[in-house]
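Here is the naming used below: chain letters follow the sequence lines, and residue numbers restart at 1 for every chain.
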Amino acid sequence: MLHINHYYRPDTLEEAWQLRQKKGSAILGGTGWLRLGEHTIQHAIDLSSLDLSYIQEDEDGFLIGAMTTLREIEINEPLNKAFDGAFTEAVWHIVGVQFRNCATIGGSAYGRFGFSDVLALLLALDCEVHLYKEGWVPIAEFAGRSNEADLLTEIRIRKNRRVVYLSERLNANDFPACAVAVSNGTDGWRCTIGARPCRAKLVTLPTDCGSRDESGLRKIAEKAAASVTYGGGMRGSAAYRQAVAAVLIRRGIQALCAKGGQA
Amino acid sequence: MSSPKPTKLVGGRIRKKDWEALTTGQPVYTDDIAPENCLIVKLLRSPHAHARIRSINTVIAKKVPGVEAVYTWEDVPQKRFTLAGQTYPEPSAYDRLILDREVRHVGDPVAIIAAETEEAALKAVKLVKVDYEILPAVLDFHTAKDNPVLVHPEENWKVLCEVGADNKRNLVASGCMEEGDPEAVYAACAYKVDETYHTKANQQAMMETFRTWCQKDVYGRLMVVSSTQIVFHLRRILSGALDIPKSKIRVLKPRIGGGFGAKQTSVSEIYPAFVTWKTGKPSKLVYTRYESQIASSPRHEMELRVRAGADKNGKLKVLMVHTLSNSGAYAEHGPTTVGLSGHKSIPLYQTDAYRFSYDVVYTNRMSSGAYRGYGATQGIFAVESAIDELVKKMGDDPVAFRLRNMTREGDKMPAYYGETSLSNKLDACLEKAADMIGWKDKYPRRVLENGHIRGVGLALDMQGSGISGVDVGSVTIRVMDDGGYNMLLGCADMGTGCDTILAQMAADMLDCPLENIAVFSADTDLSPYDSGSYASSTTYITGMACVKCCKELIGKIIATAAEMLDKPADALEFDGEKVFVSDSPDQSVDLHQISYHAQCGSNSPLEATASHFSPTSPPPWMCGAAEVDIDPETGAIKVVEFDAAVDCGTVVNENLARVQAEGGILQGIGMATIEDIVYDEKGRDMSNSFMQYRLPTKEDFGKIRVEFCPSYEPTGPFGAKSIGEVVINTPSPAIANAVENAIGVRFRELPITPEKILTALREKENVR
Amino acid sequence: MNKAVTFTLNGKKITREFPCDLFLLEALREMGCKSVKRGCETSACGLCTVWLDEKPVLSCTTLAVRADGHRITTLEGLQDEARIIGGYLADEGGEQCGFCSPGLIMNILSMEKAFPELNPSEAEIRHYLEGNLCRCSGYESHIRAVTHYFAAKRAERDAGKEETK
């Protein structure tokens, strides 16, 4: 059962940060998974009065507030225009509209769940998270850390990469059995492989992906898929996940090529 | 008796009588109407698949503030019973106690805790200390029969019926029947198939979990309000479990949030009933979804060996089915579900000989129960898969072969208790479904531009309409003093709409608007005896009771009018509003006058009760056709279209029949492609939530389309048969057949998941 | 620990003390909103859908204290609207056992904001209502009912436009 002893809705980030330093404190995101398992939270901190719900576009990219919901991400036109619908696709399968109206991008990034579609996509992009005290941290570095006492306030995504998001699941709104985001930019190609079922991993792809033929791409994709480890579970064996990852990576590269090369 | 032809309301598209309460969210379900001061009942459940309790210490748990009682095996009656909701004497063995010293599956109850709040109850659950002697467990149903480890070694285990059960061999039931000389016929066949098929346990997963509340009434009787399909069986089960007379028990069911057979087993009732009986206080038990997933009444896992043989002219000569069924820790519905795996698959075809044999075994897994289709689903998956395999070997066409060999109207069905099919449009169903799916253009496969492969497949099926010679439906109808009617029912509308369907029949019989029929169901103190709503019985069995009841009531109305008009009854007619003299229609008394007359100085109440059982169980028939889309690179599979043609006899209410069909088909698609109860090596059910046990959503299929090919069943009310179960059986074989037609791989185990497809495709590639 | 919370429930302003770990589902049922149903414990079924402000959310995983300063709407506050959609569902037999109907109808009603043109395609209906599980219906009747409902809504709107011309 869940136990929460105190609930706060601070008016300033500083106040929230101070609360977060207390023992047994936790930030409330969308709370979609809060009910699962047994835990006690001494101090539950709700960031919903801090105006952290926004998607702002500038020339470089987007600033997304930590409390922005996945539903807002799903239907935001500028964001999805810039990334060719990849954000819509990444959150599309997550439970349902009601769930996505609660779940936040900050919570998804901060949770660093293995099944996270959002994290798998963000990792493929030129993206940083802003921590209240520490400042901007590259997403890959952040994803590699464990939970910390700082506050995730916003996420910055540069428009310098094109991306395709692909996943396979047992049924339409299940967790992914395998999730792949392939992106390219001036510094080349990369992909992330998520739901392995561990946390998504970033893999660098050869720079000449765009000029390979089908069988060359197959080899690249298989090599990339083989460069990370997989585990078995309710949603598939390690071998199945790896096989699907290779297919999705190849399709991702092909889809980006079809869309016209680099950003 | 003769049955009326479809008239005004029967055959219409009528809204359910309770639609407004349901869609505006009125408090009409069990938990909505529970008293606020109920003790909250929670169960401590076994973490082990098989163990014996050395000792239980409840002292600390009882000290939690707010805890009213903690009960263990030492506190409960020691007479065994079954939780299966079946007509007495039940075929399921008496192998249960409310709490037992031996626990037989992970999730088996160990202690009952009742407390003033949920928090206190949950706290106390954690504080009950149990010392278990862990026993070896029987987890694989292949090894259960004659295993040295016995699931039910106890001496007071007993059976009331001869079903081939033997607790010293882990046998819940066993048997064999045949006609002709199946082995000899099989040996002489030009084409043969001998394959084994495996269907898994599935959860009914009705949206409302199991739940019950109880209180004592003004006479000190136990009042049980529960989400159940079987109020009368439940009264008997509780009487046996608590060891108290039935006269001390009253069972009511309010609106039910879905059942699909799950609530044909008394899953939750015995615990709060025991608490209230002991404490005298109201109590309530609402199963969590977790509990509903790990300790309930899912479909029996079955393994079926099918041997089918045909001659060189394409005539099916013989079908042999051997079924091994996994009943889990208790016998509930084990001896009966297995029967349908042969009795409702083999009779789809006309053969020279058949054999059907079976073993049903105990294992240390969750007990199985009744789930829509009830064994027929498993049997039809096997037989309709085997038929397609045979057709492939012969180079024949699946449609032509079936049309050549299927059972048609007037045919005898030796494997179906020798019954003759009096109403049968199976041939029309097959032709219609094949037409709907576009069989001629799409069979066997197409490759799309994106590389996906589409295949089509189809399957036939049948079910029954009630349990012949056993189950009873009853209806009581009373004339109210304004000319309306009270109709009292003991069957259970669990969303199926039977309250409305029976009201349609009564209104047509009594020549009145639907609004004039006030329906009540179900309460063991008030309703006439009804076996309950299961086995596809209510429209057919209780429907016929309704027709009988109305005829009897009209006779009474006319008899009362005869007194008033001073005419012989046979000179009078009833037109729904008045009774008039046939020769002189101006001479009449209206129903208001008649009803007031019966209330003043009268010896004859204007009410009738009629019961009905049927010596036959006429099968509804159906053909289902699936088109699947497979991504050969990832194994992803989607049913893009499922078309069905159903012969349920007269369609009593087209809206409700259509939704029964669409809903049953989607459950079947779930069974075929998604749903699976997965256990770990210690016997723990890992599919213990909707996060892990996936249900189909609106985006998991393309389109489901249903058409009706109604026959007229002479023994049914208005020509009707059943529809509730027949609709779940075709998706599994039709989809398996479609998958083979698409990619040339035969799946004999469900569910057919993307991983299995991809693995099979890669193996096939490697063989090349 | 309890916390005092002020919010609007079905149009009425309410101040209550809620335990900090109480979820909105339990709070609402205790307050008499029995239309709000529990179907699971894992945010999977959509039965408990209510509106927070005008957005459908899962009340089973929304903390009651988070309602502070917001508007909560349940089907008890939308009876006329429910009856209209209920009629379309009932015309298809789609309510069946009815246990999922309140959550489904709350979500259907929220579609009017999500699709201001009142013309969601079948694919959009399927996707928007994907999080509302139903075990009875096979969903086709829901799709038909919602399609008919929006057709009627558009006709009503267009008739209104004609009148104002």
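In this structure, A:K133 pairs ionically with A:E14, as a charged nitrogen and a carboxylate oxygen lie closer than 4.0 Å. Look at C:E26 and C:R38 and you find a salt bridge, because one of the NZ, NE, NH1 or NH2 atoms lies within 4.0 Å of a carboxylate O, short of that distance. Comment: C:R71 engages C:E54 in a salt bridge, judged by a side-chain N to carboxylate O separation of less than 4.0 angstrom. Salt bridge annotation for A:R71-A:E74: present, with a cationic side-chain nitrogen under 4.0 angstrom from a carboxylate oxygen.
Taking A:L34, A:L36, A:L2, A:D46 one by one and counting their heavy-atom pairs under 4.5 Å with chain C, the maximum is reached by A:D46. Of all the listed residues (C:C60, C:S110, C:A44), the one sharing the greatest number of non-hydrogen pairs under 4.5 Å with chain A is C:C60. Your options are A:H6, A:R9, A:H3, and the one with the most heavy-atom pairs under 4.5 Å with chain C is A:R9.
When each of C:N10, C:T62, C:L28 is paired with C:V50, the side chain to side chain contact (heavy atoms under 4.5 Å, CB included) condition holds for C:L28 and for no other.
At a 4.5 Å heavy-atom cutoff, C:C45 makes no contact with chain A through either its backbone or its side chain. At a 4.5 Å heavy-atom cutoff, A:A44 makes no contact with chain C through either its backbone or its side chain. With a 4.5 Å cut-off on non-hydrogen atoms, C:N2 does not touch chain A at all. Contacts of A:I75 with chain C are absent, with no heavy-atom separation under 4.5 Å from either backbone or side chain.
With sequence neighbours left out, the side-chain contact (heavy atoms from CB on, under 4.5 Å) criterion links C:T15 to C:T6.
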